[in-house]
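So the structure is just underneath, and the comments pick up after that.
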There are 2 protein chains.
Amino acid sequence: MTSTLGFAILAVLARGPRTGYDLAAVMRRPVSYFWTAGHSQIHTELQKLRAARLIDYETEHGPGPQDKKIYRLTDDGREALRDWVTEPPRERPERDELVLKTYAAWLAEPGLVRRMFADQLARHEERLAQYERDAASFGSPPAFGDPGFGNYATLRCGLSYERHRADWCRWMIAQLGDGG
Amino acid sequence: MTSTLGFAILAVLARGPRTGYDLAAVMRRPVSYFWTAGHSQIHTELQKLRAARLIDYETEHGPGPQDKKIYRLTDDGREALRDWVTEPPRERPERDELVLKTYAAWLAEPGLVRRMFADQLARHEERLAQYERDAASFGSPPAFGDPGFGNYATLRCGLSYERHRADWCRWMIAQLGDGG
DNA sequence: AATCTCATGTAAGCTGTTACATGATTTA
DNA sequence: TAAATCATGTAACAGCTTACATGAGATT
């Protein structure tokens with residue numbers, strides 16, 4: 001059974017062939033704003049995907065000790081990806097350390113809690129600014145059927161998420177007053 | 001080093017002593033709306049927390065083959081929890097299968113994608129309704145310093161999150177039109 | 001000469017899920 | 001008497017992170 005990571009890789013390869021190194025570079029920052037993977041994870045998964053005949057590769061020489069492998073989707077891979085896309089996602093429980101800390105925040109000094117939230121807020125505002133720059137680089141929204149639709153729709157989710165997060169941080173900071 | 005799960009358990013025990021079974025019942029549905037754990041995870045973690053002297057227990061007899069153990073925070077445990085609360089959360093990458101699917105949705109039939117999102121929307125609306133009932137059960141917002149503040153603040157986050165999610169689902173459905 | 005980028009992989013460890021295993025007391 | 005609840009644990013596996021390991025070619 002192909003893992004979600006496997007489908008994440010297939011989703012990237014569906015847009016064009018890449019080396020493992022290249023995939024790792026792309027997936028270091030979240031693909032679709034909500035999925036990351038490290039290079040070691042990717043190389044082992046590529047071997048599994050190949051064993052399942054969902055991808056294949058061509059070799060080119062250099063640089064480095066091993067040959068360079070350029071991976072691409074097989075027809076089976078494309079079909080598997082298309083089928084997976086519309087299957088309901090298996091819901092794994094949300095885990096959020098900041099919210100958990102908030103649950104126990106009543107034990108701590110308000111000033112320290114406020115500082116932590118101010119810090120988090122800054123991060124969210126930074127990401128939001130980045131996402132807004134990303135959004136500005138889209139002219140008109142891409143149509144469904146265009147790969148760009150995926151980028152656009154996931155960016156929208158990222159924007160909405162960061163706004164929700166930033167709003168909540170601001171609310172928390174307001175609750176904590178200006179003492180401390 | 002105590003894991004986040006460990007602190008999640010400490011956060012629950014900070015509100016009163018409990019058995020492992022009892023903890024498992026509480027943590028089956030997300031504590032703070034954003035942290036769950038299964039009973040097998042909890043029992044092994046309780047042993048680690050005890051070895052680190054962050055909790056201790058009293059035994060009572062029955063029911064079952066082993067004695068019942070009632071766990072509670074030690075002073076060290078309370079201190080460790082208080083310190084942890086205001087440390088910046090280590091950011092683990094967001095992973096969201098639905099958003100990843102969206103990234104590859106351009107390959108699939110719009111009608112099937114729309115059905116999936118309608119399904120997800122229904123789940124979010126259900127949770128939202130539940131959270132709103134939870135919110136109604138609070139009279140006036142608890143003050144910081146009261147354990148109830150943790151419940152209230154995390155519920156606020158849950159509400160905001162579900163609204164963001166539901167909004168995005170609705171936007172996606174609108175993008176997909178009403179064709180089949 | 002040193003460092004950075006490209007390029008591949010393996011291994012150890014931690015976290016979390018699912019399944020296995022036992023058994024007394026209470027309720028239907 | 002059958003099933004649900006209370007109560008404890010272990011084991012196997014899957015997924016992710018971090019560290020280990022190598023080395024050519026290009027740049028500074």
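Chain identifiers are assigned alphabetically (A, B, ...) following the order of the sequence lines, protein sequences preceding nucleic acid strands; residue numbering begins at 1 within each chain.
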Spacing between [X] atom [atom1] and [N] atom [atom2], to the nearest angstrom:
| X | N | atom1 | atom2 | value |
| --- | --- | --- | --- | --- |
| A:E45 | D:dA14 | CD | P | 12 Å |
| B:H43 | D:dT10 | NE2 | P | 10 Å |
| A:I42 | C:dG9 | CD1 | P | 12 Å |
| A:L49 | D:dG15 | CG | C1' | 14 Å |
| B:D67 | D:dC6 | CG | C1' | 14 Å |
| A:M1 | C:dT17 | CE | C1' | 15 Å |
| A:E60 | C:dA7 | CD | C1' | 12 Å |
| A:E58 | C:dT8 | CD | P | 14 Å |

Side chains of residues 152-159 of chain B: which donor-acceptor pairs under 3.5 Å do they make with residues two or more places apart or in other chains?
unit_1: B:T154; atom_1: OG1; unit_2: B:G150; atom_2: O; d: 2.8
unit_1: B:T154; atom_1: OG1; unit_2: B:N151; atom_2: O; d: 3.1

[X] side-chain proximity, nearest of [options]:
| X | options | answer |
| --- | --- | --- |
| B:K68 | D:dA7, C:dA7, D:dG9 | D:dA7 |
| A:H39 | D:dG9, D:dT10, C:dG9 | C:dG9 |
| A:S40 | D:dT17, D:dG9, D:dT10 | D:dT17 |

Looking at DNA chain D, which of [range] put a heavy atom within less than 4.0 Å of it?
| range | result |
| --- | --- |
| residues 2-14 of chain A | A:S3, A:L5 |
| residues 87-103 of chain B | B:P93, B:R95 |
| residues 18-35 of chain A | A:W35 |

Does a salt bridge link A:E132 with A:R163, judged by any charged N lying under 4.0 Å from a carboxylate O?
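Result for this pair is yes, salt bridge flagged.
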
One thing to verify: whether A:R165 and A:D96 come together as a salt bridge, which I'm taking to mean a side-chain N less than 4.0 angstrom from a carboxylate O.
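So A:D96 pairs with A:R165 through a salt bridge.
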
Please tabulate, for side-chain N and O atoms in residues 21-39 of chain A, each donor-acceptor pair with protein atoms closer than 3.5 Å (sequence neighbours left out).
unit_1: A:D22; atom_1: OD2; unit_2: A:R18; atom_2: NH1; d: 3.3
unit_1: A:Y33; atom_1: OH; unit_2: A:D134; atom_2: OD2; d: 2.8

Is the count of non-hydrogen atoms from other residues, nucleotides or ligands lying under 6.0 Å from B:Q130 atom CD greater than 12?
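Enclosed: over 12 neighbouring heavy atoms sit under 6.0 Å from CD of B:Q130.
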
Under 3.5 Å, which donor-acceptor pairs do the side chains of residues 44-52 of chain B form with other protein atoms, sequence neighbours left out?
unit_1: B:T44; atom_1: OG1; unit_2: B:S40; atom_2: O; d: 3.2
unit_1: B:T44; atom_1: OG1; unit_2: B:Q41; atom_2: O; d: 2.9
unit_1: B:E45; atom_1: OE2; unit_2: B:S3; atom_2: OG; d: 3.4

For A:E58, what residues pass the side chain to side chain contact (heavy atoms under 4.5 Å, CB included) criterion, not counting sequence neighbours?
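By the side chain to side chain contact (heavy atoms under 4.5 Å, CB included) rule, A:E58 matches A:R72.
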
What residues form a side chain to side chain contact (heavy atoms under 4.5 Å, CB included) with B:E125, not counting sequence neighbours?
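For B:E125 the side chain to side chain contact (heavy atoms under 4.5 Å, CB included) partners, ignoring immediate neighbours, are B:L121, B:R170.
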
Are any of A:Q41's side-chain N or O atoms less than 4.0 Å away from OP1 or OP2 of D:dG15?
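Answer is no, no contact under 4.0 Å.
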
Residues which pass salt bridge (Lys or Arg N to Asp or Glu O under 4.0 Å) with B:R115, listed by chain and number, not counting sequence neighbours
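Per chain and number, B:R115 pairs via salt bridge (Lys or Arg N to Asp or Glu O under 4.0 Å) with no residue.
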
Quick one: which residue pairs count as a side-chain hydrogen bond (donor to acceptor under 3.5 Å, both in side chains) with a foot in residues 79-93 of chain A, not counting sequence neighbours?
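Non-adjacent pairs meeting side-chain hydrogen bond (donor to acceptor under 3.5 Å, both in side chains): A:E91-B:R123.
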
Could I get the full list of side chain to side chain donor-acceptor pair (under 3.5 Å) partners for A:E97, not counting sequence neighbours?
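Result, side chain to side chain donor-acceptor pair (under 3.5 Å) vs A:E97: B:T4.
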
Tell me the ring pair (Phe, Tyr, Trp, His ring centres under 6.0 Å) pairs involving residues 102-129 of chain A, sequence neighbours left out?
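Checked against ring pair (Phe, Tyr, Trp, His ring centres under 6.0 Å) - neighbours excluded - the pairs reaching residues 102-129 of chain A are A:F117-A:W168.
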
